[in-house]
Q: 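Below you will find the structure I want to go over with you.
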Amino acid sequence: MIHPAWLPPEAFRAVGSRRVLVQGTGPLADTVRHEIAQACARFGGSVVPDRETAELILSIAGPGGEGFRLGRRGGATMISADGPPGLLHGLFEVVRRGERAFDPALADERHVPVLARRMLDHWDNIDVHPVMGQVERGYSGGSLFWHDGRPRDLGRIRDYARLLAASGVNAVAINNVNVHSTETHLLTDRLTEVAGLASTFRVYGIRVHLSVNFAAPVILGDLSTADPADETVRAWWKSTTARVYEAVPDLGGYLVKADSEGQPGPFTYGRSHADGANMLAEALEPYGGVVHWRAFVYNHRQDWRDRSTDRARAAHDHFAGLDGAFRDNVILQVKHGPMDFQAREPISPVLLGMPSTRLAVELQVTGEYTGQQRHVCYLPPMWSEVLRAVAGHVSGLAAVSNAGDDPFWTGHPLAQANLYAVGRLAWNPARDPIAILDEWIDLTFPGASGELRDILHDLMDESWQTYEQYTAPLGVGFMVRPGHHYGPDVDGYEYTPWGTYHFADRDGVGVDRTVATGTGFTAQYPPAWADRYESLATCPDELLLFFHHVPYGHVLHSGVTVIQHIYDTHFAGAHRVAAMRERWQEAAGLVDPALHARVTERLDEQQRSADEWRDQINTYFHRKSGVPDAHGRRIH
Ligand code: GCW
């Protein structure tokens with residue numbers, strides 16, 4: 001049994017019990033008609049041929065676009081869409097509202113997505129990678145797209161496409177940005193697999209994007225170089241791309257991780273990232289395709305003894321000087337923070353500092369550093385902060401998907417909410433993330449009692465902050481076990497080449513990234529931001545150790561010392577997890593028993609892990625600093 005996530009049949013009751021008219025032609029109108037017909041067959045409504053008797057009218061009023069108007073006309077609820085995709089989004093808006101969509105007092109509303117491209121990136125491999133498994137950083141089983149080296153049955157993928165469409169997503173990159181040898185062939189001799197996926201996603205208004213290997217001309221055996229200045233290389237990408245578009249005429253484009261963590265790139269040939277990206281952009285341009293070029297470029301072979309190299313600086317150092325040098329169909333895809341998807345980071349200065357470049361912000365739904373879907377960690381409050389900060393600077397969002405072939409899709413059933421919410425926030429970043437959680441609850445648990453709703457809010461609303469409390473403190477980051485990145489290891493990365501350090505000694509902790517005495521990272525921000533982070537007087541507590549190295553006795557704005565804050569938050573965080581675990585027991589009988597059991601099992605692990613984090617972090621800093629806990633609690 002596959003869990004229906006946020007589209008159980010019951011979610012369609014209000015629509016399916018009405019007389020519905022769908023006006024419009026083409027594949028997306030057919031999808032809407034099909035949805036309506038199924039819902040009506042289940043709940044006793046009917047598809048009607050004219051307006052007279054219709055209670056719900058969905059029509060296409062414009063030439064194209066995803067927006068729509070919702071309102072009441074002559075006793076019917078009406079969706080008038082800007083174009084075929086708007087019809088689909090309008091349908092799902094009505095589904096979300098349920099009976100409320102048919103309130104005679106419903107006011108007119110216009111809905112248009114704020115971010116044009118709302119993309120999920122899959123880090124799926126065809127093969128099972130010896131270290132990373134089939135899905136890199138995947139915590140939900142195997143790939144949804146491939147099994148045993150072959151494409152999967154498209155039925156479940158269709159269900160996935162439908163779920164994504166209902167959340168507002170309109171693009172999917174199907175394969176890992178680390179493009180290994182088998183997957184490099186998706187670009188050429190395995191194109192039919194891409195076409196199969198594209199036709200499934202297309203029905204729900206979602207375009208497929210492909211991660212490509214920058215060295216593909218060499219790896220596929222055709223050429224001896226991948227130099228973007230070489231005419232034969234440019235011609236190779238053009239002819240290869242022409243064949244791609246014969247097979248998949250509406251491919252969204254390519255996604256590229258270049259010169260990063262061992263992936264090939266233009267640096268090999270002494271060329272810039274603009275040279276590399278523009279070559280692919282030129283090949284894609286005739287077909288309307290785009291290149292998503294990732295800004296995650298840094299030196300992963302750094303010498304930890306060298307305090308002047310700062311990984312946080314890397315993306316801005318590499319890319320800011322290229323502002324304005326990219327072709328129009330290049331989108332620079334930038335991780336939200338300057339490091340790497342930690343539970344707390346400042347905004348990447350790249351997102352604020354490239355006004356002449358199209359930017360997409362990259363988020364990670366699969367919580368590599370936020371509990372790996374063993375912990376409850378509702379991330380939209382974090383994403384909401386990010387999206388508010390970069391409003392007006394970015395036109396797209398790309399999020400690393402957390403879905404796999406697990407029966408609950410996401411390993412942790414409550415992690416479905418993260419997948420749902422990322423699309424909803426990309427559509428409208430101003431939405432309150434807790435209101436989105438309510439929407440998810442309404443859809444996923446139809447008719448949820450007030451009690452169940454309260455339990456879910458108690459577990460989820462502040463689960464990100466709780467996670468932050470029992471893990472790495474005050475924005476310092478990492479402190480995880482190297483490799484798989486689960487669980488605590490304070491010094492796990494301290495003496496490694498990865499550039500992720502905390503510099504704790506007997507006197508203090510944190511990374512000095514100031515201009516005055518540190519790496520100068522703060523200068524990468526616009527002046528108001530730079531000033532705020534540079535000064536101890538204005539740097540926010542939660543980012544203190546990201547920007548400053550301070551003594552343990554440094555007093556936070558909150559009034560407590562850094563060392564006491566570490567103890568307090570770690571005791572509090574683990575304690576809150578115990579409360580969550582207890583609270584969940586009250587949901588027994590209110591939700592599907594299999595779901596209840598799965599969440600119970602995960603909460604047991606979360607408790608074990610939170611206790612482990614608390615004890616290792618507290619003990620480590622107690623031993624380093626020699627400062628006792630002011631409240632005399634047990635530190636080992
Ligand atoms: O967070 C790191 C992950 C890598 C990942 C990389 C990236 C796909 O540990 O597994 O590789 O980021 O974003 O490219």
Side-chain angles (χ1 to χ4, degrees), residues 119-140 143 172-184 209-214 254-265 267 273 276 292-302 311-312 314-315 318-319 331-345 348 350-351 360-373 377 379 382 386 397-404 422 471-472 477-487 489 492-493 496-500:
M119 176 157 93
L120 281 176
D121 290 0
H122 278 261
W123 286 354
D124 293 27
N125 304 311
I126 298 174
D127 293 338
V128 177
H129 187 275
V131 180
M132 289 295 173
Q134 197 185 10
V135 181
E136 180 150 353
R137 310 306 178 184
Y139 311 106
S140 309
S143 169
V172 165
I174 54 174
N175 62 310
N176 191 359
V177 289
N178 291 326
V179 188
H180 305 296
S181 51
T182 302
E183 295 77 13
T184 302
H209 294 240
L210 188 64
S211 295
V212 298
N213 189 319
F214 192 80
Y254 298 150
L255 168 61
V256 191
K257 170 176 178 177
D259 293 316
S260 168
E261 300 181 334
Q263 293 300 301
F267 286 166
H273 277 237
H292 279 87
W293 188 270
R294 295 178 84 227
F296 185 59
V297 178
Y298 71 100
N299 177 8
H300 70 288
R301 300 216 176 92
Q302 181 182 330
R311 173 165 161 182
H318 283 300
F319 287 96
I331 295 157
L332 192 64
Q333 184 168 314
V334 188
K335 288 191 182 184
H336 66 84
M339 295 297 281
D340 195 0
F341 299 139
Q342 300 305 291
R344 179 73 71 168
E345 289 189 45
S348 166
V350 179
L351 292 166
V361 58
E362 185 175 310
L363 307 174
Q364 201 195 41
V365 191
T366 189
E368 177 180 356
Y369 298 97
T370 48
Q372 302 194 349
Q373 294 175 176
C377 191
L379 290 166
M382 176 212 284
V386 169
L397 175 146
V400 183
S401 176
N402 64 346
V422 80
T471 57
F478 287 87
M479 300 192 171
V480 291
R481 301 226 173 99
H484 57 63
H485 297 166
Y486 186 75
D489 186 345
Y493 274 112
T496 72
W498 292 92
T500 51

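The figures that follow rest on heavy atoms only: side chains count, while hydrogens, waters and symmetry mates do not. One-based numbering, in listed order, for ligands and for the atoms of each.
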Q: Test Lys257 against every option in Asn213, Asn176, Asn178 by the side chain to side chain donor-acceptor pair (under 3.5 Å) rule and name the one that passes.
A: Asn178

Q: Can you pull out the closest protein heavy atom to atom 6 (C) of ligand 1? Residue, atom name and distance to 0.1 Å, please.
A: Glu261 OE1, 3.3 Å

Q: Can you tell me which residue and heavy atom of the protein come closest to atom 9 (O) of ligand 1, and the distance to 0.1 Å?
A: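 I find the closest protein heavy atom is Glu368 OE2, 2.6 Å.
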
Q: To which protein heavy atom is atom 2 (C) of ligand 1 closest, and what is the distance rounded to 0.1 Å?
A: Asp340 OD2, 3.1 Å

Q: Which protein heavy atom lies closest to atom 8 (C) of ligand 1, and at what distance to 0.1 Å?
A: Asn178 ND2, 3.3 Å

Q: Please work out whether the ring planes of Trp293 and Phe214 are parallel, tilted or perpendicular, with thresholds of 30° and 60°.
A: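 Trp293 vs Phe214 ring planes: perpendicular.
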
Q: With only distance considered, is Arg294 within less than 3.5 Å of ligand 1 through an N or O on each side?
A: yes

Q: Cut-off 3.5 Å, side chains only: do Glu261 and Tyr298 have a donor facing an acceptor?
A: yes

Q: Using a plain distance cutoff, I'd like to know if Lys335 has any nitrogen or oxygen under 3.5 Å from a nitrogen or oxygen of ligand 1.
A: yes

Q: Where on Val177 is there a heavy atom closer than 4.0 Å to ligand 1, on the side chain, on the backbone, on both, or on neither?
A: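 Looking at Val177 and ligand 1, just side chain atoms fall under 4.0 Å.
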
Q: Using every non-hydrogen atom in the two residues, find where Asn125 and His180 come nearest and quote the distance to one decimal.
A: OD1-CD2, 3.5 Å

Q: So if I count the atoms of ligand 1 from 1 in the order they appear, which ones are less than 4.0 Å from some heavy atom of Phe296?
A: 6 (C), 7 (C), 12 (O), 13 (O), 14 (O)

Q: Using the rule side chain to side chain donor-acceptor pair (under 3.5 Å), only one of His485, Lys335, Gln364 pairs with Asp340; which is it?
A: Lys335

Q: Between Phe267 and His318, how do the two ring planes meet: parallel, tilted or perpendicular, split at 30° and 60°?
A: tilted

Q: Just which atoms of ligand 1 are under 4.0 Å from any heavy atom in Arg137?
A: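 The list of qualifying atoms is 3 (C), 4 (C), 9 (O), 10 (O).
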
Q: Pick one of side chain, backbone, both or neither for how Lys257 approaches ligand 1, counting any non-hydrogen atom pair under 4.0 Å.
A: side chain

Q: What class does the angle between the rings of Phe341 and His336 fall in, given that below 30° is parallel, 30 to 60° is tilted and above 60° is perpendicular?
A: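 Answer is tilted, since the angle falls between 30° and 60°.
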
Q: Give the residue and atom name of whichever protein heavy atom lies nearest to atom 4 (C) of ligand 1, and the separation in Å to one decimal.
A: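 Checked against all protein heavy atoms, atom 4 (C) of ligand 1 sits closest to Glu136 OE2, 3.4 Å.
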
Q: Under the criterion side chain to side chain donor-acceptor pair (under 3.5 Å), I'd like the reasoning laid out for Ser211 against Glu183: C-alpha separation, chi angles, the key distance, then a yes or no.
A: CA-CA 9 Å; Ser211 295; Glu183 295 77 13; over 6 Å; no

